[in-house]
Novice: 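The structure that follows is given in the form of structure tokens.
Convention: sequence-line order gives letters A, B, ...; per-chain numbering from 1.
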Number of protein chains: 2
Amino acid sequence: MVRVGLTAERLTRAGAELADEVGFDEVTVSALARRFDVKVASLYSHVKGSQDLRTRIALFALAEMADRVADALAGRSGKDALAAFADAYRDYARQHPGRYAAAQLRLDPETAASSAGVRHAQMTRALLRGYDLPEPEQTHAVRMLGSVFHGYISLESGGGFAHTAVDPQVSWSWMVDSLDAMLRARAAS
Amino acid sequence: MVRVGLTAERLTRAGAELADEVGFDEVTVSALARRFDVKVASLYSHVKGSQDLRTRIALFALAEMADRVADALAGRSGKDALAAFADAYRDYARQHPGRYAAAQLRLDPETAASSAGVRHAQMTRALLRGYDLPEPEQTHAVRMLGSVFHGYISLESGGGFAHTAVDPQVSWSWMVDSLDAMLRARAAS
DNA sequence: CCCATTTGCCTAAAGCCATTAGGTATGAAC
DNA sequence: GTTCATACCTAATGGCTTTAGGCAAATGGG
């Protein structure tokens with residue numbers, strides 16, 4: 001009985017890697033046990049169960065993604081910041097599709113409130129400060145940016161753009177440009 | 001042995017209803033058999049299996065949603081059409097969350113090509129004709145509209161907007177307004 | 001109208017996943 | 001070196017999926 005040295009953290013990291021390889025939906029307690037060459041029941045000493053494992057992976061991905069976005073945003077402002085912000089999310093999703101999917105997991109309000117999710121919201125607001133929108137509109141804009149970027153990434157990764165010849169990268173840039181123009185127009189009004 | 005009269009169509013419809021009640025992820029061959037008070041194996045005469053069932057529900061939802069959107073679009077143009085288009089999707093997702101989720105199921109390219117998915121794309125293009133965009137941009141705009149609306153609906157249904165007091169309906173209207181303005185600006189340029 | 005064939009639904013069984021209960025051995029601390 | 005916590009194990013239950021093979025109800029040709 002060789003001790004492998006499992007911990008909740010190692011399981012979470014391995015789960016994140018597994019998610020990137022086979023998809024978040026296929027991340028299962030059994031598959032993870034197999035990967036560590038350990039019996040399934042052994043994992044239950046470290047995580048409460050399947051749901052707990054998935055939640056941990058989601059929180060890990062949210063935090064990692066927030067770090068990336070924060071890095072991308074550092075020292076930038078205006079349209080430059082907007083593009084860096086957008087690319088940080090899209091790049092993360094392309095490099096780590098499973099983790100990105102994990103980050104979309106519905107968390108219960110309490111867990112969500114203590115997650116890196118709030119950093120994402122804060123960074124979006126910080127970004128928008130550059131556009132000087134009055135308060136109700138700032139919230140609208142936060143929601144809109146979250147929607148476009150998340151929606152695009154989700155459709156792109158789902159192969160939704162595969163049937164057209166137009167380069168998704170070009171559409172992405174066009175979209176970021178358009179959003180910048182739109183936000184500047186709204187600020188002026 | 002009373003015959004219940006199962007067919008692939010009845011199973012699909014019942015599956016769609018079940019999805020709305022318990023979520024698309026919980027739609028299972030077993031649950032559906034239970035609902036018809038029939039043994040699980042009996043369903044396998046009508047659908048190939050779990051994946052087939054889910055695909056059928058997805059195709060059903062895509063078609064139903066396309067019908068709704070087509071109705072909403074009839075006789076409208078410009079911003080009016082844009083708002084009706086957007087609302088048709090959002091209303092469908094709110095009335096039928098499980099079906100809306102089903103409609104996001106990744107289909108293999110062949111199935112997708114013969115699904116109502118193409119009608120969705122066609123209607124989006126038709127809608128955009130009102131804005132008179134040159135060709136490469138039209139594709140960008142199709143993608144952008146799909147992204148914003150899908151993204152918003154997905155975040156809203158996931159409770160992503162629950163922590164702020166601002167009415168999601170107001171943000172939605174603001175977003176539609178902003179998109180309309182943006183598209184008109186792009187047409188002019 | 002009846003018999004044959006189709007076919008709708010069944011039982012049985014195997015495989016995989018999740019989860020819990022309770023056992024054994026290992027590594028650390030005294 | 002003995003003790004004690006704990007890391008990992010075996011065993012067992014229950015759910016979902018899928019396949020194979022059987023019986024009976026519907027259907028239709030003679």
Side-chain angles (χ1 to χ4, degrees), chain A residues 1-61 98-99 101-102 105-108 111, chain B residues 1-60 98-99 101-102 104-108 111:
Chain A
M1 202 193 295
V2 191
R3 296 206 175 189
V4 183
L6 300 179
T7 63
E9 286 66 37
R10 285 191 64 196
L11 288 174
T12 304
R13 286 189 157 276
E17 284 160 23
L18 184 58
D20 286 337
E21 291 166 24
V22 302
F24 186 55
D25 285 348
E26 317 307 322
V27 172
T28 179
V29 183
S30 300
L32 206 50
R34 236 173 278 132
R35 166 160 299 216
F36 281 102
D37 201 34
V38 137
K39 297 297 169 182
V40 190
S42 306
L43 301 205
Y44 283 79
S45 313
H46 304 281
V47 294
K48 288 203 197 74
S50 189
Q51 195 50 52
D52 181 39
L53 173 65
R54 297 168 69 76
T55 302
R56 283 171 189 270
I57 298 173
L59 294 174
F60 172 78
R99 299 180 199 196
L105 185 71
R106 291 208 202 323
L107 301 172
D108 62 282
T111 310
Chain B
M1 203 194 293
V2 191
R3 296 203 174 191
V4 183
L6 301 179
T7 64
E9 286 65 38
R10 286 191 63 195
L11 289 174
T12 304
R13 286 189 157 277
E17 284 160 23
L18 184 58
D20 287 337
E21 291 165 25
V22 303
F24 186 55
D25 286 349
E26 316 307 322
V27 173
T28 179
V29 181
S30 298
L32 206 49
R34 237 173 279 133
R35 166 160 299 214
F36 280 102
D37 202 32
V38 138
K39 296 297 169 181
V40 190
S42 305
L43 301 205
Y44 282 79
S45 313
H46 304 281
V47 294
K48 288 204 197 73
S50 188
Q51 194 50 53
D52 181 40
L53 173 65
R54 296 168 70 77
T55 302
R56 284 171 189 271
I57 298 173
L59 293 174
F60 172 78
R99 300 181 199 197
Q104 311 311 135
L105 185 70
R106 291 207 200 326
L107 300 173
D108 62 283
T111 310

Novice: Tell me the interatomic distance from B:Lys39, atom NZ, to C:dC10, atom P, rounded to whole angstroms.
Specialist: 7 Å
Novice: Return the polar atom pairs (N/O with N/O) between nucleotides 14-16 of chain D and the protein under 3.5 Å, or none.
Specialist:
residue	atom	partner	partner atom	Å
D:dC16	OP1	B:Arg34	NH2	2.9
D:dC16	OP2	B:Arg34	NH2	2.9
D:dC16	O3'	B:Thr28	OG1	2.6

Novice: Can you give me the closest heavy-atom contact between B:Leu32 and B:Leu11, atom names plus distance?
Specialist: CD2-O, 3.6 Å
Novice: Among all residues two or more places apart in sequence or in another chain, which pass the side chain to side chain contact (heavy atoms under 4.5 Å, CB included) test with B:Thr28?
Specialist: B:Ser30, B:Ala31
Novice: About how many Å separate OG1 of A:Thr7 and CZ of A:Arg13, when rounded to the nearest 0.5 Å?
Specialist: 10.0 Å
Novice: Please list, by residue number, the residues of residues 12-25 of chain A whose heavy atoms come closer than 4.0 Å to an atom of DNA chain D; answer none if no residue qualifies.
Specialist: none
Novice: Quick one: side chain to side chain contact (heavy atoms under 4.5 Å, CB included) partners of B:Ser50, sequence neighbours excluded?
Specialist: B:Val29, B:Arg54
Novice: Is the shortest heavy-atom distance from the side chain of A:Phe24 to the side chain of A:Leu18 under 4.5 Å?
Specialist: no
Novice: Considering non-hydrogen atoms only, spot the tightest contact between A:Ala58 and A:Leu107 and give its length.
Specialist: CB-CD2, 4.4 Å
Novice: Is there any salt bridge (Lys or Arg N to Asp or Glu O under 4.0 Å) pair reaching into residues 28-51 of chain B, and which pairs are they, with sequence neighbours excluded?
Specialist: B:Glu21-B:Arg35
Novice: Please give, in whole Å, the distance from D:dC9 P to A:Asp37 CG?
Specialist: 8 Å
Novice: Who passes side-chain hydrogen bond (donor to acceptor under 3.5 Å, both in side chains) against A:Asp25, sequence neighbours left out?
Specialist: none
Novice: Rounded to whole angstroms, how far apart are CG on A:Leu32 and P on C:dT19?
Specialist: 13 Å
Novice: Quickly work out the B:Glu26 CD to D:dT17 P distance and round it to whole Å.
Specialist: 11 Å
Novice: Using a 4.0 Å cut-off on heavy atoms, which residues in residues 4-11 of chain B reach DNA chain C? List them by number, or say none.
Specialist: B:Val4, B:Gly5, B:Leu6
Novice: Establish, with yes or no, whether the OP1 or OP2 oxygen of D:dC9 is under 4.0 angstrom from a side-chain nitrogen or oxygen of A:Ser42.
Specialist: yes
Novice: Run the side-chain hydrogen bond (donor to acceptor under 3.5 Å, both in side chains) test against B:Thr111 and tell me which residues pass, sequence neighbours left out.
Specialist: B:Asp108
Novice: According to a strict under-4.0 Å criterion, is B:His46 in side-chain N/O contact with OP1 or OP2 of C:dC9?
Specialist: yes
Novice: May I have the distance from B:Arg3 (atom CZ) to C:dT6 (atom P), rounded to whole angstrom?
Specialist: 14 Å
Novice: Expressed in angstrom and rounded to an integer, what is the separation of B:Leu43 atom CG from C:dT11 atom P?
Specialist: 14 Å
Novice: Among residues at least two apart in sequence or on other chains, which ones pass side chain to side chain contact (heavy atoms under 4.5 Å, CB included) with A:Ala16?
Specialist: A:Ile57, A:Phe60, A:Arg99
Novice: Once side chain to side chain contact (heavy atoms under 4.5 Å, CB included) is applied, do any residues pair with A:Ala33, and if so which ones, sequence neighbours excluded?
Specialist: A:Val40, A:Leu43
Novice: Specify the residue among B:Ala41 and A:Lys48 whose closest nucleotide of DNA chain C lies further upstream toward the 5′ end.
Specialist: B:Ala41
